[in-house]
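Ligands are counted one by one from 1 in listed order, and the atoms in each one are counted from 1 as well. If you're wondering where the values come from, they're calculated on a predicted model, not measured in any experiment.
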Amino acid sequence: MLHLNEVRVSIQPLERFRKVVGGDHVTETMKIAQRLRDRFTKRVIWNINSTAVGGGVAEMLKPLVGYTRGVGIDCRWLVISGTPDFFHVTKRLHHALHGRPGDGTPLDERAREIYETTLRENAFELASVVREGDVVLLHDPQTAGLAPALKGTGARVVWRCHIGVDHRNEHAIEGWRFLEPYLEDVERFIFSRQTYVPTICDHGKSVIITPSIDAFSSKNQELSEDAIRTILVHTGLVEGPPPENADHGFLRDDGSPGRVSRRADVVRLGRPPAWDTPLVVQVSRWDPLKDMLGVMHGFSQLFDRDCPVQPELVLAGPNVTAVADDPEGAQVFEEVVTAWRALPHALRNRVHLASLPVTDVEENAAIVNALQRHAAIVVQKSLEEGFGLTVTEAMWKGRPVVASAVGGIQDQIEDGVNGVLLKDPTDLETFAELLCDLLCNPEHSDQLGAAAKERVRERFLGIDHLLNYADLLQKIDAD
Ligand code: UDP
């Protein structure tokens, strides 16, 4: 029996945004939030997705649900469950909407049957808790097929698609053809970029909402240098000893103190990098579109070109057993390990493959936070990318970022102003050249990092994201 799991989220106060975006903006937002709360008495806003941990959707839902609850609206988060076959089909769909063939398995009637069977069971449970007037926000292809079952409940159904491709091709068309029958019962659609809106949703009912990060979460909060070092030494990502009597904690999302207790599982040849070794870091799920393999090969080319600064590379992702809706993780991780084994000894010594513990999501976030803050350069050399929260996270931490000019990354980085764009993500030679330029020019790197932080402050902090949702909810009520 499959079932829905509720993720409990602690309330977050909108007030805290005063520290980062100024008082007037927060006061205005609170007025809008109060009006919305008055209209949402006895109504629930449900968010439905397919994993509580790992990936950008889970990352964003936590603060969005937390701040909405914080203004007194009953906002909830449910996670569907599914069979391995179901997640195989939905991963295939994920690739298709990114314009890629994935593993090439057909999106045929058999795939549809698998998809519908799992969702039918989840829908049965969902329909029993949803009431008339509620708003149900379905996230990504994994949950789109729940829409028809919600029709009879009287709830208003919105589907948010976090992925997409700028130039539609046969794979994307195949993916949309699969999803089309379920989207007829959706009232409004949300996409991250205008170019992602498919023809079948291009009928005035689609809005663009840009993703965001939470500046105060354990993923993005300020950490002292001692705390960063202690966390990285403890997890085995940097060589010890840790600083004496250091503050080694972080604040949990409910404000209570947290401590990183678990270690990372790291594939490496010898010792962890020394504290003062410059690190090139990519943090991602182990997904072929994140191209961890390409990052490793591009990094190798730094040494072919005799870059005067000799960094080390950390590729970090969640422990592959952990992300429920990502069945490819283990295979991609194995491919990276196999390629790492084939590297020349001296290079292998400089590359660290880290599986981060995910048992405690906030502990995992604190490790990612420390790693991103310690990086000399953060890279995101994705082949396709819906938005790329890891880019925003690193920019907020004032790090210089080198990232592919694909998808939503292009909305974040202005090339040469607040980061560096790699025009062709498969061009490893240029990738190595860009890394070397930044490593040899720390002043320029610092300038890019400082400008990156301001870019995020202006455009990608959660408060405007919440306002966009408020606007959408008003429109839905007016329909
Ligand atoms: N992430 C994490 N732990 C990991 C790997 C990734 O918390 O071990 C987070 C990362 O910090 C980011 C999210 O997962 O917040 C990934 O979002 P992004 O938009 O970059 O890519 P997606 O996974 O949604 O394709």
Side-chain angles (χ1 to χ4, degrees), residues 49-64 90-91 94-95 97-98 100 139-142 160-165 192-193 210-215 217-221 235 237 250 253 260 262 264-266 281-292 314-326 328-329 332-333 353-373 375 378-397 399 401 403-404 406-409 411-413 456 460 462:
N49 85 322
S50 58
T51 183
V53 47
V57 179
E59 184 71 26
M60 267 191 300
L61 278 179
K62 208 167 172 201
L64 290 174
T90 58
K91 193 67 205 270
H94 175 92
H95 283 294
L97 297 197
H98 271 308
R100 302 267 169 167
H139 294 269
D140 271 345
Q142 294 93 325
R160 182 164 186 179
C161 183
H162 297 262
I163 53 182
V165 68
S192 301
R193 309 193 84 200
T210 312
S212 66
I213 59 164
D214 182 19
S217 67
S218 36
K219 173 71 57 69
N220 298 309
Q221 66 191 220
T235 46
L237 293 167
F250 62 95
D253 296 346
V260 171
R262 297 176 181 83
D265 191 345
V266 189
V281 171
Q282 177 161 302
V283 178
S284 287
R285 288 178 298 107
W286 303 96
D287 179 306
L289 297 181
K290 306 293 182 186
D291 200 22
M292 294 286 218
V314 177
L315 296 177
N319 198 307
V320 290
T321 52
V323 185
D325 65 347
D326 194 359
E328 278 178 324
V332 171
F333 180 70
L353 310 179
S355 295
L356 306 182
V358 293
T359 315
D360 173 346
V361 185
E362 291 174 38
E363 175 188 62
N364 173 279
I367 300 170
V368 171
N369 190 349
L371 191 55
Q372 288 170 329
R373 286 184 187 278
V378 171
V379 300
Q380 191 59 55
K381 208 188 75 57
S382 304
L383 303 174
E384 306 288 347
E385 192 62 78
F387 182 71
L389 284 181
T390 50
V391 172
T392 338
E393 289 161 5
M395 290 172 80
W396 178 243
K397 287 155 194 153
R399 304 323 301 143
V401 180
S404 310
V406 295
I409 294 176
D411 299 329
Q412 301 184 57
I413 294 181
V456 176
F460 305 117

Worksheet item: atom 9 (C) of ligand 1: which protein heavy atom is closest, and how many Å away?
Response: K219 NZ, 3.6 Å

Worksheet item: For atom 24 (O) of ligand 1, what's the nearest protein heavy atom and its distance?
Response: G56 N, 2.7 Å

Worksheet item: In terms of residue, atom name and distance, what is the protein heavy atom nearest to atom 6 (C) of ligand 1?
Response: V283 CG1, 3.8 Å

Discussion item. Is there a polar contact between ligand 1 and L356, counting only N or O atoms under 3.5 Å apart?
Written reply: no

Practice prompt. Could you tell me which residues satisfy side-chain hydrogen bond (donor to acceptor under 3.5 Å, both in side chains) with E384, sequence neighbours excluded, listed by chain and number?
Written response: R100

Item to complete: Please state whether K290 comes within less than 4.0 angstrom of ligand 1, counting heavy atoms only.
Response: yes

Response to the item:
Ranked by distance from atom 23 (O) of ligand 1, the top protein heavy atom is R285 NE, 2.6 Å

Practice prompt. Considering the heavy atoms of T390, write down every atom of ligand 1 situated less than 4.0 Å from one of them.
Written response: 10 (C), 12 (C), 20 (O)

Worksheet, complete the sentence: In terms of heavy-atom contacts, M395 and V401 come closest through CG-CG2, 4.0 Å

Worksheet item: At a 4.0 Å cut-off, with the gap strictly under it, does some heavy atom of A316 reach an atom of ligand 1?
Response: no

Worksheet item: Quick check: does any side chain N or O of Q412 sit under 3.5 Å from a backbone N or O of G388, one acting as donor and the other as acceptor?
Response: yes

Fill in: Test salt bridge (Lys or Arg N to Asp or Glu O under 4.0 Å) applied to R193 and D411, step by step
CA-CA 9 Å; R193 309 193 84 200; D411 299 329; 2.8 Å; yes

Worksheet item: Nearest heavy-atom pair of E385 and Q380: which atoms, and what distance?
Response: OE1-NE2, 4.0 Å

Worksheet item: Can you tell me if A365 has a non-hydrogen atom under 4.0 Å from ligand 1?
Response: no

Fill in: Atom of A264, atom of P357 and distance for their closest heavy-atom approach
CA-CD, 4.0 Å

Worksheet item: Nearest to atom 18 (P) of ligand 1, what protein heavy atom do you find, and at what distance?
Response: L389 N, 3.5 Å

Practice prompt. Using side chain to side chain contact (heavy atoms under 4.5 Å, CB included) as the criterion, point out the one residue from D360, N364, V361, T359 that pairs with V53.
Written response: V361

Discussion item. Please state which option from E393, E384, H94 has its nearest heavy atom closest to atom 15 (O) of ligand 1.
Written reply: E393

Discussion item. If you apply the rule side chain to side chain contact (heavy atoms under 4.5 Å, CB included), what do you find for F250 with N369, and how did you get there?
Written reply: CA-CA 10 Å; F250 62 95; N369 190 349; over 6 Å; no

Response to the item:
So the atoms of ligand 1 within less than 4.0 Å of a heavy atom of G317 turn out to be 8 (O)

Worksheet item: For atom 8 (O) of ligand 1, what is the nearest protein heavy atom, given as residue, atom name and distance?
Response: P318 N, 3.0 Å

Worksheet entry | Numbered atoms of ligand 1 (with element) below 4.0 Å of E59, judged on heavy atoms | 15 (O)

Worksheet item: Does the pair I367 and L237 meet the rule for a side chain to side chain contact (heavy atoms under 4.5 Å, CB included), with working shown?
Response: CA-CA 9 Å; I367 300 170; L237 293 167; 3.9 Å; yes

Worksheet entry | Salt-bridge contact D214-K62 (side-chain N to carboxylate O under 4.0 Å) | no

Practice prompt. Measure across P288 and V332 and return the closest heavy-atom pair with its distance rounded to 0.1 Å.
Written response: CD-CG2, 3.5 Å

Discussion item. What I want to know is whether V57 and ligand 1 share at least one N or O pair that is separated by under 3.5 angstrom.
Written reply: no

Worksheet item: Would one find an N or O of N364, backbone or side chain, under 3.5 Å from an N or O of ligand 1?
Response: yes

Practice prompt. Pull out every atom of ligand 1 sitting under 4.0 Å from any heavy atom of G388, numbered as shown with elements.
Written response: 19 (O), 20 (O)

Worksheet item: Of all the non-hydrogen atoms in the protein, which one sits nearest to atom 14 (O) of ligand 1, and at what distance?
Response: G55 N, 3.4 Å

